[in-house]
Undergrad: 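Quick one: structure below, then a few questions.
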There are 2 protein chains.
Amino acid sequence: MRKKLTERVTITDVAHTAGVSKTTVSRYLSGQYHILSENARNRIQEAIRELNYRPNQMARGLKQDRSYLIGMVIADITNPFSTAILRGAEDVCKQRGYSIMVCNTDNDPAKEREYIFMLQSRRIDGLLINTTGRNNQFLRQLAEEHTAIVLVDRKVPELGLDTVGVDNELSTKEAIRFMINRGYEQIAFFTEPLEGVSTRQERANAFKDILIQYGFPVADLYEADLQQAEPLLKQLERFLESSREGKRAIFAANGVILLKLIHALKHKGLRIPDDVAIAGFDEMEWTDLIGPGITTVSQPTYQIGVTAMERIFRRLEGDHSPSQNIAFAGKLIIRGSTPSVKGL
Amino acid sequence: MRKKLTERVTITDVAHTAGVSKTTVSRYLSGQYHILSENARNRIQEAIRELNYRPNQMARGLKQDRSYLIGMVIADITNPFSTAILRGAEDVCKQRGYSIMVCNTDNDPAKEREYIFMLQSRRIDGLLINTTGRNNQFLRQLAEEHTAIVLVDRKVPELGLDTVGVDNELSTKEAIRFMINRGYEQIAFFTEPLEGVSTRQERANAFKDILIQYGFPVADLYEADLQQAEPLLKQLERFLESSREGKRAIFAANGVILLKLIHALKHKGLRIPDDVAIAGFDEMEWTDLIGPGITTVSQPTYQIGVTAMERIFRRLEGDHSPSQNIAFAGKLIIRGSTPSVKGL
DNA sequence: TTGTACGCGTTATCAC
DNA sequence: GTGATAACGCGTACAA
């Protein structure tokens, strides 16, 4: 056992110096002031101040079978989309005395699984997860142990869990329709691999649907793994070769790929929008500063975080209603990267 | 007391189904395989798998007086600088089975204090903090309770704690010297309020020193609170009115103010670098994409996070050597926003 | 209004 | 190699 060089102050110490019992102190700590004599209350308060006592959450948690801990499992904390959500989630947690444990998975199912286990060991009360979709059995397990789980951004219908995100179909259709109306005749949809990620699939499907609806002959859908740089470059070149400048545009399925595409275009010496028009998901702090400004679909990320966390607390408070799927409206922000095509 | 709808699986359950004692299971859990018979080991392993047992970290923590928890207190998790550090810290933690609890303070000392108390209640083993500098007494208290504390980015000399960051003096001087050599005759230094924040002070002082060294008559130092938009705009206008285009440049003390300045310049219809040259701290994902590219001082943020966390673990392992001040070299990344002045 | 006694799930001690 | 037992710090029946 670890040597305690400084003896920690416990509830017993407080009880002693206040001249009352542990029970009374415990009542004080949980705010049951009405059951306490004013005398006791004052003495306890004084003792706590004097001893600098802080209740041990591990002991409380053990006793109450509650950790007051929320796990947040995200693919990449470096992604502004994720941190904005985290920000919202954190604000709500703070207010309630909960803390958030962050876990970064890099979209790696193995890492995700390890984290789920760890969080399970810590007896988290709630979990906010942007899942790889490859650990459903463990998530189900967690849910059975009465952990309140909310899926953020990515859905897994078979799990029947609360979900919070943006309305992908509507937002994508609005954006693509806008581009069609601006006169683009070749519109490419760039996305990370679709497999298993609902968000990407919903956006890709919406893209295809709307193109069909407008009588486009083909849907140029490009999937690229972003682990390395080449796949995206290859796909981009494929598109550029098969299209004519002036009437072509790119739509990026999320902020990460949007950024990489802009980098790639710059690298190839192509101008926005003269050589290629571009737009995509995720408003970021820099999207209005690049070239003529980048047209984006903005998601209410902070609000998503707040809402997701509020659902968790609702569940923790005993709400057993059927699972909800909360989809916020995205907002199309039109900028110079998608001007009307010449001659319209 | 909370009702347990599902009985949780405990070490006792595992012991029963494996037909051994709790002690033996505990030994298994802590990896003392050499003391166990192969028979016992197999049966325990099987029982754990079958029951889906996960050891309760709260109970372990309570017993061992260790939480395996690290607190990370940052001003703004939305700032890429902070998340990159978090990323590094998280990677190191994961490897050791520790978890990180994130706390967002908005640079508000009151919030910071609340978080320190909460983390204290959770008996965190380590703390990585980007402090407001206003809660020194509580940090000292934490340190006395043998929490390993590492200050990130901002120093507080009086606390005598380990510190990890960038070499502000060197980096700033290199950047300003570079701008002087490029021919700028009026260089403004923009920063958030200096008071209490070592990083800002060190950079501001380095700026003044180098200007004096090169015989500049005055050091144009502008402080602006970024809570609202106007103060910065006012300061910017003040500089623009007192300087001539073509020979003037701005240096931003960090990434946040750099971004806001670029926004402000765009808002005022000023071109970079024609009307004003600009450079500043913090390389970000977009700095090479804006206009001719923004000259920046890049900090090894991920490495800072890794290093800070490694120091925490060093301390936890019993290293009692004097506190260190680890300063990484910044890297000047030269781009088009700071061209040579015409006529040089 | 207050206090006694027990248990939460785990590990450490000590004996076998 | 193994196991009984006492703690860790707290909350809560139950009794007073």
Side-chain angles (χ1 to χ4, degrees), chain A residues 1-16 18-44 47-48 51-68 120-123 125 145, chain B residues 1-44 47-48 51-68 97 120-123 125 145:
Chain A
M1 176 117 98
R2 183 191 210 187
K3 284 281 166 299
K4 294 196 226 176
L5 303 180
T6 306
E7 281 312 315
R8 297 210 118 115
V9 179
T10 75
I11 199 173
T12 311
D13 300 325
V14 176
H16 281 155
V20 297
S21 74
K22 297 195 312 181
T23 311
T24 308
V25 179
S26 179
R27 292 206 179 92
Y28 175 91
L29 291 177
S30 47
Q32 307 176 45
Y33 301 121
H34 48 286
I35 322 186
L36 299 179
S37 66
E38 194 155 326
N39 183 16
R41 212 176 67 198
N42 292 334
R43 301 175 59 136
I44 292 172
I48 288 180
L51 298 177
N52 230 310
Y53 169 72
R54 309 260 183 273
N56 185 327
Q57 276 296 347
M58 291 188 290
R60 276 151 93 100
L62 178 60
K63 181 67 186 168
Q64 304 185 121
D65 195 30
R66 255 174 181 278
S67 60
Y68 298 94
Q120 212 165 2
S121 249
R122 295 205 183 268
R123 303 291 188 262
D125 295 335
E145 291 168 8
Chain B
M1 177 118 92
R2 184 191 209 187
K3 285 277 166 301
K4 295 197 224 174
L5 304 180
T6 306
E7 281 311 314
R8 297 210 118 115
V9 179
T10 76
I11 199 172
T12 310
D13 300 324
V14 175
H16 282 155
T17 72
V20 298
S21 74
K22 298 195 309 181
T23 311
T24 307
V25 179
S26 179
R27 292 205 178 93
Y28 175 91
L29 291 177
S30 51
Q32 306 176 45
Y33 302 121
H34 48 287
I35 322 186
L36 298 179
S37 67
E38 194 153 327
N39 184 15
R41 212 175 66 198
N42 291 334
R43 301 176 58 139
I44 293 173
I48 289 180
L51 298 176
N52 231 310
Y53 168 72
R54 308 260 183 272
N56 184 327
Q57 276 296 347
M58 290 188 289
R60 273 148 94 102
L62 177 60
K63 180 67 184 166
Q64 302 187 124
D65 195 29
R66 255 173 181 277
S67 61
Y68 298 94
Q120 212 166 1
S121 248
R122 295 205 183 268
R123 302 292 188 264
D125 295 337
E145 290 169 7

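Quick caveat, the model's predicted, so the values are computed rather than measured. In what follows, chains carry the letters A, B, and so on, assigned in the order in which the sequence lines appear, proteins first and then strands, with residues in each chain numbered from 1.
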Undergrad: Look at all strands and tell whether B:His34 reaches a base, only sugar-phosphate, or nothing, counting heavy atoms closer than 4.0 Å.
TA: nothing
Undergrad: Let me see the working for A:Thr24 and A:Ser21 under side chain to side chain donor-acceptor pair (under 3.5 Å), right down to the final yes or no.
TA: CA-CA 5 Å; A:Thr24 308; A:Ser21 74; 3.3 Å; yes
Undergrad: Of all the choices, C:dT10, D:dG11, C:dC8, which nucleotide is nearest to the side chain of A:Ile11 once you look at every atom?
TA: D:dG11
Undergrad: Think B:Ser26 has a side-chain N or O under 4.0 angstrom from the OP1 or OP2 of C:dT11?
TA: yes
Undergrad: Between C:dT10, D:dT2, C:dT2, which one does the side chain of B:Lys63 approach most closely?
TA: C:dT10
Undergrad: Please compare B:Ala59 and B:Asn39 by the position of their nearest nucleotide in DNA chain D and report the one closer to 5'.
TA: B:Asn39
Undergrad: Is the distance from OP1 or OP2 of D:dG11 to the nearest side-chain N or O of A:Ser30 less than 4.0 Å?
TA: no
Undergrad: Measure from the side-chain heavy atoms of B:Ile35 and tell me the nearest of D:dG1, C:dT2, D:dG9.
TA: D:dG1
Undergrad: Describe the nucleic acid contact of A:Thr10 in one word from base, sugar-phosphate, nothing, applying a heavy-atom distance below 4.0 Å.
TA: sugar-phosphate
Undergrad: Please report how far the helix from C:dT1-D:dA16 to C:dC16-D:dG1 bends, comparing the axis fitted to its first five pairs with the axis fitted to its last five, to the nearest 10 degrees.
TA: 30°
Undergrad: Just to be sure I understand the rule, does B:Tyr33 reach a base, reach only the sugar-phosphate, or reach nothing, if contact means heavy atoms closer than 4.0 Å?
TA: nothing
Undergrad: Would you mind classifying the nucleic acid contact of A:Thr24 as base, sugar-phosphate or nothing, using non-hydrogen atoms under 4.0 angstrom?
TA: sugar-phosphate
Undergrad: Taking any heavy-atom pair under 4.0 Å as a contact, classify A:Tyr28: base, sugar-phosphate, or nothing.
TA: nothing
Undergrad: So, OP1 or OP2 of C:dG3: does either fall under 4.0 Å of a side-chain N or O from A:Ser21?
TA: yes
Undergrad: Taking only N and O in the side chain of A:Arg60, is any of them less than 4.0 Å away from OP1 or OP2 of D:dC10?
TA: no
Undergrad: When you measure from the side chain of B:Leu36, which nucleotide among C:dT2, D:dT2, D:dT5 comes out closest?
TA: D:dT2
Undergrad: So which nucleotide from D:dG9, C:dG3, C:dA12 ends up closest to the side chain of A:Val20?
TA: C:dG3
Undergrad: Give a yes or no on whether a donor-acceptor pair under 3.5 Å exists between the nucleobase atoms of D:dG3, that is its base, and the side chain of B:Arg27.
TA: yes
Undergrad: Identify which nucleotide among D:dA6, D:dC10, C:dT13 has an atom closest to any side-chain atom of A:Asn56, counting heavy atoms from C-beta outward.
TA: D:dC10
